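For the numbers below, each heavy atom of this structure counts, side chains included, while hydrogens, waters and symmetry mates do not. A quick note: this is a predicted structure, and the numbers were derived from the prediction, not measured.
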Amino acid sequence: MKSCFQLMLGFFLCWSCQSEKAETPIRIAAAANMQFVISALVDIFEAKNDLDCEVVLNSSGKLSAQIQAGAPYDLFLSADEKYPVSVCAAGWCGESPKTYAFGQLVLWTSMKVDEVNWSLLDSSVIQHIAIANPKTAPYGRAAREVMEQLQIWEQAEEKIVMGESVAQTNQFLLSGAAQAGLTARSAMGNREMNERGRWIAISRSSHQPIRQDAVLLRTAKPEARLFYDFLFSEAARQTLKQHGYYFNE
């Protein structure tokens, strides 16, 4: 028969393991367009659950490469469906990706103009146009699609500066390194972006849908399922809408 001390020691060790596990944050790899909404989503989630989240923001392409290199993420929130599919094809998914929202593009400028329109990009006062890198960032890919469809890519190409992600594109715009750019509609919820410039929404029909997919990774800790399910809840949906995302309803 175990002594009282042994039983108490066993209980303490068991509790310590559970406590340590609970204190391990849910690690979320999120596309850079989520930079202004993910904190709101995490705040809502953490208020309802005794769990912490840790978010890493980068371009979807960079995050995909990190995951396939073994980065210890639990969830991948991509800015498109392509990268989650590639992650799953490489055997890193616990289940198939699922669309959590659709993103929108805007044309933003810091110039004081009466009207924001495409002719602005031809203006001599616009020396640099910022977009995310089309090779790694879905919003950059959509930006290039729009400019090619409008037949302004070739003449504007020499002015283009590419950020590694939408977040870096926004830094170029706010710092004045670029006087105009194509960025995520979700960034317009940022007070500084609104105060320092003007913008117009870009027609969704001018580029392929920016279908943002989420996937629970194969190595995810059990608690990560709670955030994944929350992402598709009505509370998360309303928060995403408030930040410029839309849904096929």
Between [X] and [Y] (side chain of the first, backbone of the second, donor and acceptor by atom type, cut-off under 3.5 Å), is there such a pair?
X      : Y      : answer
Lys159 : Leu121 : yes
Arg218 : Gly91  : yes
Asp74  : Ile28  : no
Ser60  : Ser78  : no

Item to check | Axial cation check for Phe232 ring with Lys98, 6.0 Å and 45° limits | outcome: yes

Do you know which two heavy atoms are closest between [X] and [Y], and how far apart they sit?
X      : Y      : answer
Tyr245 : Ser186 : OH-OG, 3.3 Å
Pro25  : Lys221 : O-NZ, 3.0 Å
Tyr228 : Ser96  : OH-O, 4.3 Å
Ser64  : Val87  : OG-CG2, 3.5 Å
His243 : Ala40  : CE1-CB, 4.3 Å
Ala187 : Asn170 : CB-ND2, 3.5 Å

Return yes if a side-chain donor-acceptor contact under 3.5 Å exists between [X] and [Y], otherwise no.
X      : Y      : answer
Gln208 : Asp80  : no
Tyr139 : Thr183 : no
Glu223 : Asn49  : no

I'd like to check [X] versus [Y] (side-chain heavy atoms, cut-off strictly below 4.5 Å). Are they in contact?
X     : Y      : value
Asn33 : Ile210 : no
Gln66 : Leu63  : yes
Pro97 : Glu81  : no

Distance in Å, [X] [atom1] paired with [Y] [atom2], rounded so as to fall on 0.5 Å steps:
X      : Y      : atom1 : atom2 : answer
Leu174 : Glu192 : CG    : CD    : 4.5 Å
Leu75  : Ile67  : CG    : CD1   : 9.5 Å
Leu105 : Arg204 : CG    : CZ    : 11.5 Å
Ile129 : Trp153 : CD1   : CH2   : 9.5 Å
Leu217 : Arg27  : CG    : CZ    : 11.5 Å
Leu51  : Thr24  : CG    : OG1   : 10.5 Å

Treating Ile, Leu, Val, Met, Phe, Trp and Tyr as nodes and any side-chain heavy-atom pair under 4.5 angstrom as an edge, say whether [X] and [Y] lie in one connected cluster.
X      : Y      : value
Val56  : Met34  : no
Phe172 : Leu107 : no
Trp92  : Leu216 : no
Ile126 : Ile200 : yes
Met188 : Leu182 : no

Checklist entry - Given the rule in the side-chain contact (heavy atoms from CB on, under 4.5 Å) test, do Tyr83 and Phe76 qualify, once you have shown the distances and angles that lead to the verdict? => result CA-CA 9 Å; Tyr83 288 112; Phe76 178 27; 4.0 Å; yes

Checklist entry - Passes side-chain contact (heavy atoms from CB on, under 4.5 Å), Gln68 versus Ser86? Steps please. => result CA-CA 9 Å; Gln68 295 183 60; Ser86 69; 3.8 Å; yes

Next on the checklist: Within the supplied structure, the quantity of interest is the number of heavy atoms (other residues, nucleotides, ligands) at a distance under 6.0 Å from Glu158 CD; does it exceed 12?
Outcome noted: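 Incorrect, the count does not exceed 12.
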
Which atom pairs, donor and acceptor, lie under 3.5 Å between side-chain atoms of residues 108-118 and protein residues at least two apart or in another chain?
unit_1	atom_1	unit_2	atom_2	d
Trp108	NE1	Met193	O	3.0
Thr109	OG1	Met111	N	3.0
Thr109	OG1	Gln179	O	2.8
Asn117	OD1	Ser119	N	3.2
Asn117	OD1	Ser119	OG	2.4
Asn117	OD1	Leu120	N	3.4

Checklist outcome for this item: Exactly one candidate in Ile38, Leu41, Ile26 meets side chain to side chain contact (heavy atoms under 4.5 Å, CB included) with Val55; the answer is Ile38

Checklist outcome for this item: Taken in chain and number order and not counting sequence neighbours, the residues that satisfy side-chain contact (heavy atoms from CB on, under 4.5 Å) with Ser206 are Val146, Gln149, Ile202, Ser203

Item to check | Partner set under side-chain contact (heavy atoms from CB on, under 4.5 Å) for Glu234, not counting sequence neighbours | outcome: Arg237, Gln238

Next on the checklist: The criterion is ring pair (Phe, Tyr, Trp, His ring centres under 6.0 Å); which residues satisfy it with Phe102, sequence neighbours excluded?
Outcome noted: Tyr246

Item to check | Residues that Tyr73 engages under ring pair (Phe, Tyr, Trp, His ring centres under 6.0 Å), provided they are two or more places apart | outcome: none

Item to check | Mutual orientation of the aromatic rings belonging to Phe227 and Phe45 [parallel < 30°, tilted 30-60°, perpendicular > 60°] | outcome: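 Perpendicular, since the angle between the ring planes exceeds 60°.
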
Per the disulfide (SG to SG under 2.5 Å) rule, what does the pair list look like for [range], sequence neighbours excluded?
range            : answer
residues 31-60   : none
residues 186-237 : none
residues 112-183 : none
residues 57-150  : Cys88-Cys93

Which side-chain N or O atoms in residues 160-167 pair as donor and acceptor under 3.5 Å with protein atoms at least two apart or in another chain?
unit_1	atom_1	unit_2	atom_2	d
Glu164	OE1	Lys62	NZ	3.2
Ser165	OG	Ala167	N	3.4
Ser165	OG	Gln168	N	3.4

Checklist entry - Quick one: side-chain hydrogen bond (donor to acceptor under 3.5 Å, both in side chains) partners of Trp199, sequence neighbours excluded? => result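 For Trp199, the residues satisfying side-chain hydrogen bond (donor to acceptor under 3.5 Å, both in side chains) (neighbours in sequence not counted) are Asn194.
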
Checklist entry - Which pairs with one or both residues in residues 117-135 pass salt bridge (Lys or Arg N to Asp or Glu O under 4.0 Å), sequence neighbours excluded? => result none

